[in-house]
Amino acid sequence: MVTGSSPPLLPLVSTAALLATTTAISDQMRRGLRAEKSPSEHSLLMLPSFVDRFADELPAPPSGRYFAIDLGGTSLRIARVVVRAGASPDVWRREWAIPEPCYDTDNGQLLAWVVERFTACFPGEAMPVIGLCYSFACRQNNIDHGEQIMWTKRFRGTGLLGMDVVQALRDEFAKAGIDAVIPALMNDSVASLVGAQFVDPRVQAAVILGTGTNCALVEDVRNVETLPAAYRKHGERMIINTEWGDCALPKGDFAMDEDGDLDRQSANPGHGLFEKLVAGLYIGDVSARIVRRIALDSETLQNLRGIGDREGAFDGAVVSAVYNDTSEDLGGVARVLEAAAGVRETTYKDLSVVRDVCIAITTRSARLCAAAIAAVACRVAAGRSGGDKQGVVISVDGSTFTKFAGYRDLVEAALAELREAVGPAMPPVELTLADGSSATGAAVCAAVFADAG
């Protein structure tokens with residue numbers, strides 16, 4: 001994280017900073033696709049997904065019952081998708097919060113708990129066909145094999161690192177007497193793109209913006225220099241997992257000292273710096289840190305000095321509630337502070353400071369996300385016939401975008417600002433909601449790739 005010598009009181013993301021961020025992410029995507037990378041230049045991972053049968057026209061999956069396991073940063077979703085010829089898929093889902101012991105990956109409980117949840121939902125399934133949607137970066141050499149690179153969000157330890165997560169999950173199922181067929185492993189952004197394309201084939205990229213953030217996009221296979229020599233091409237294009245949460249940002253007034261503090265105290269210091277500026281897991285934490293800093297520097301804001309003492313209480317949902325309180329007396333902010341931080345006595349000035357901080361952090365998140373979306377849109381448009389004159393359709397999933405009232409408006413306003421500044425070189429961007437599409441995408445991939453053998 002880059003910070004200036006005297007950071008501003010609150011973060012600012014100017015038009016110039018938006019443009020610089022878009023350019024930086026564009027360069028890092030391009031470098032990430034190269035076979036040889038310069039150690040002096042940061043690049044995104046740009047991981048091949050080996051999903052190359054969906055980019056232009058989705059094949060109809062064979063009829064049958066398929067399953068999806070979607071393991072995210074804070075929750076597990078399990079789905080059953082029944083596919084029938086000529087009919088829309090019938091989707092059943094359940095979701096659980098990940099229990100605290102599972103965040104320590106060294107104890108081996110995570111995948112055991114996943115299998116226990118699956119078998120509780122579907123007893124008697126002896127040979128289920130499962131698409132594994134996995135929110136953590138894996139280096140794949142095939143659609144059904146991926147070695148985990150790192151943990152992000154709140155996960156810690158070295159469990160599963162360097163291991164094939166598909167085989168690890170198969171082994172865990174085998175312990176329960178189940179011969180699980182897992183023909184497809186994909187990142188949640190990849191699965192979301194597949195699921196979104198299943199509904200709207202115009203979609204060419206998918207953004208996840210919830211607890212964490214990531215993006216997948218359709219790329220010309222000719223540009224992907226990192227594919228193994230043994231790769232057998234099924235189509236001209238492939239979905240790429242950008243892992244944009246780990247991009248390096250240029251200097252800007254949007255960087256705060258509190259961002260550096262949060263990073264150093266996180267489970268993965270030095271990694272996911274863009275994610276820590278944007279995603280729902282972090283915007284509450286950094287907001288509380290800034291409020292506390294302002295309170296400690298003030299003689300009149302003593303009531304706010306305890307904000308953040310309850311770990312995890314001041315979260316993205318709290319920021320959303322504060323941001324959206326437009327009452328004259330800010331009574332909603334007062335109620336949220338009492339419930340989330342135990343702050344019972346507040347003045348109007350206290351409440352105004354908290355709201356100003358939450359507005360600033362929310363705006364920063366949305367504007368930086370828009371800059372990243374613009375970089376992806378430009379890459380997608382430049383890589384197809386018709387160039388940047390065509391609009392680019394991008395699906396977005398995740399609670400920060402879908403449930404945070406006003407957030408989408410901020411993103412779209414920043415995209416319009418960027419397009420005005422860039423001109424015709426930036427294509428029009430249409431954002432569509434893809435709530436829960438990752439589970440459908442994972443099951444559809446399982447169906448198609450199991451059928452293909």
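These figures come from a predicted structure and were not determined experimentally. By convention here, the first residue in the shown sequence is residue 1. Reckoned from all heavy atoms, side chains included, excluding hydrogens, waters and symmetry mates.
In this structure, Arg154 CZ and Thr152 OG1 are separated by 12.5 Å, a value rounded to the nearest 0.5 Å. Atoms CG and OG1, on Leu45 and Thr242 in that order, are 9.0 Å from each other to the nearest 0.5 Å. Atom NE2 of residue His42 and atom CD1 of residue Ile25 lie 10.0 Å apart, to the nearest 0.5 angstrom. Atoms CZ and CG, from Phe274 and Leu368 in turn, are 6.0 Å apart once rounded to the nearest 0.5 Å. We find the OG1-OH distance between Thr211 and Tyr282 to be 9.0 Å, quoted to the nearest 0.5 Å. Note: Asp325 CG to Cys358 SG = 11.0 Å, rounded to the nearest 0.5 Å.
Checking Arg31 against Gln28 by side-chain atom types alone, no donor-acceptor pair falls below 3.5 Å. One side chain, Ser438 or Arg77, offers a donor N or O that lies under 3.5 Å from an acceptor on the other. Ser365 and Tyr407 share a side-chain donor-acceptor pair at under 3.5 Å. Residues Asn241 and Ser49 have side chains that never bring a donor and an acceptor to within less than 3.5 angstrom of each other. Checked by atom type, the side-chain pair Asp106/Thr158 shows a donor-acceptor distance below 3.5 Å.
Between Asp171 and Lys175 there is no salt bridge, since no side-chain nitrogen of the basic residue lies less than 4.0 Å from a carboxylate oxygen of the acidic one. With respect to Glu219 and Arg379, a salt bridge is recorded, a charged nitrogen being found less than 4.0 Å from a carboxylate O. A salt bridge is defined here as a Lys NZ or Arg NE, NH1 or NH2 lying under 4.0 Å from an Asp or Glu carboxylate O, and Arg419 with Glu412 fails to meet this definition.
Remark: Lys153 is positioned above the aromatic ring of Phe136, its terminal NZ or CZ atom under 6.0 angstrom from the ring centre and at most 45 degrees off the axis. Under the 6.0 Å distance and 45° angle rule, Arg364 does not count as a cation-pi partner of Phe254.
Residue Arg237 comes nearest to Gln204 through the heavy atom pair NH1-OE1, 3.3 Å, listed as atom of the first residue, atom of the second, then distance. Nearest approach of Ala288 to Ile307, heavy atoms of both residues: CB-CG2, 3.5 Å. Of all the heavy atoms in Val165 and Cys138, the pair that sits closest is CG2-SG, 4.0 Å. For the residue pair Ala446 and Ala184, the shortest heavy atom distance occurs at N-CB, 4.1 Å. Shown here for Ile182 and Arg170, the closest heavy-atom pair between the two residues is O-NH2, 3.3 Å. Contact between Ser189 and Ile208 at its shortest, heavy atoms only, is CA-CG1, 3.7 Å.
Using modelled atom types, one side-chain atom of Lys276 and one backbone atom of His271 make a donor-acceptor pair closer than 3.5 Å. Side chain of Thr213 to backbone of Leu209: no donor-acceptor contact under 3.5 angstrom is found. When atom types are taken as modelled, the side chain of Ser192 and the backbone of Asp188 share no donor-acceptor pair closer than 3.5 angstrom. Here the side chain of Arg367 pairs a donor or acceptor atom with the backbone of Val13 at under 3.5 angstrom.
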Step by step, would you call Met256 with Arg293 a side-chain contact (heavy atoms from CB on, under 4.5 Å)?
CA-CA 11 Å; Met256 309 294 290; Arg293 182 250 298 168; 3.3 Å; yes

Using side-chain contact (heavy atoms from CB on, under 4.5 Å), reason through Arg80 and Arg94 one step at a time and then give a plain yes or no.
CA-CA 9 Å; Arg80 179 186 62 213; Arg94 279 202 65 183; over 6 Å; no

May I have the step-by-step check of side-chain contact (heavy atoms from CB on, under 4.5 Å) for Leu47 and Ile149, ending in yes or no?
CA-CA 11 Å; Leu47 300 170; Ile149 298 171; 4.2 Å; yes

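Under the rule for a ring-ring contact (aromatic ring centres under 6.0 Å, His included), Phe401 has no partner lying at least two apart in sequence or in another chain.
The 12-atom threshold is exceeded at CZ of Arg156, counting heavy atoms of other residues, nucleotides or ligands nearer than 6.0 Å.
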Between side-chain atoms of residues 107-133 and protein atoms elsewhere (two or more places apart, or another chain), which donor-acceptor pairs fall under 3.5 Å?
{"unit_1": "Asn107", "atom_1": "OD1", "unit_2": "Gln109", "atom_2": "N", "d": "2.9"}
{"unit_1": "Asn107", "atom_1": "ND2", "unit_2": "Pro101", "atom_2": "O", "d": "2.8"}
{"unit_1": "Asn107", "atom_1": "ND2", "unit_2": "Asp104", "atom_2": "O", "d": "3.3"}
{"unit_1": "Thr119", "atom_1": "OG1", "unit_2": "Val115", "atom_2": "O", "d": "3.0"}
{"unit_1": "Thr119", "atom_1": "OG1", "unit_2": "Glu116", "atom_2": "O", "d": "3.0"}
{"unit_1": "Glu125", "atom_1": "OE2", "unit_2": "Arg65", "atom_2": "NH2", "d": "2.1"}

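In summary, of the residues considered (Val224, Leu227, Asp220), a side-chain contact (heavy atoms from CB on, under 4.5 Å) with Leu33 occurs for Val224 alone.
Looking at Val207 and Ile373, their side chains come closer than 4.5 Å, going by heavy atoms from C-beta outward.
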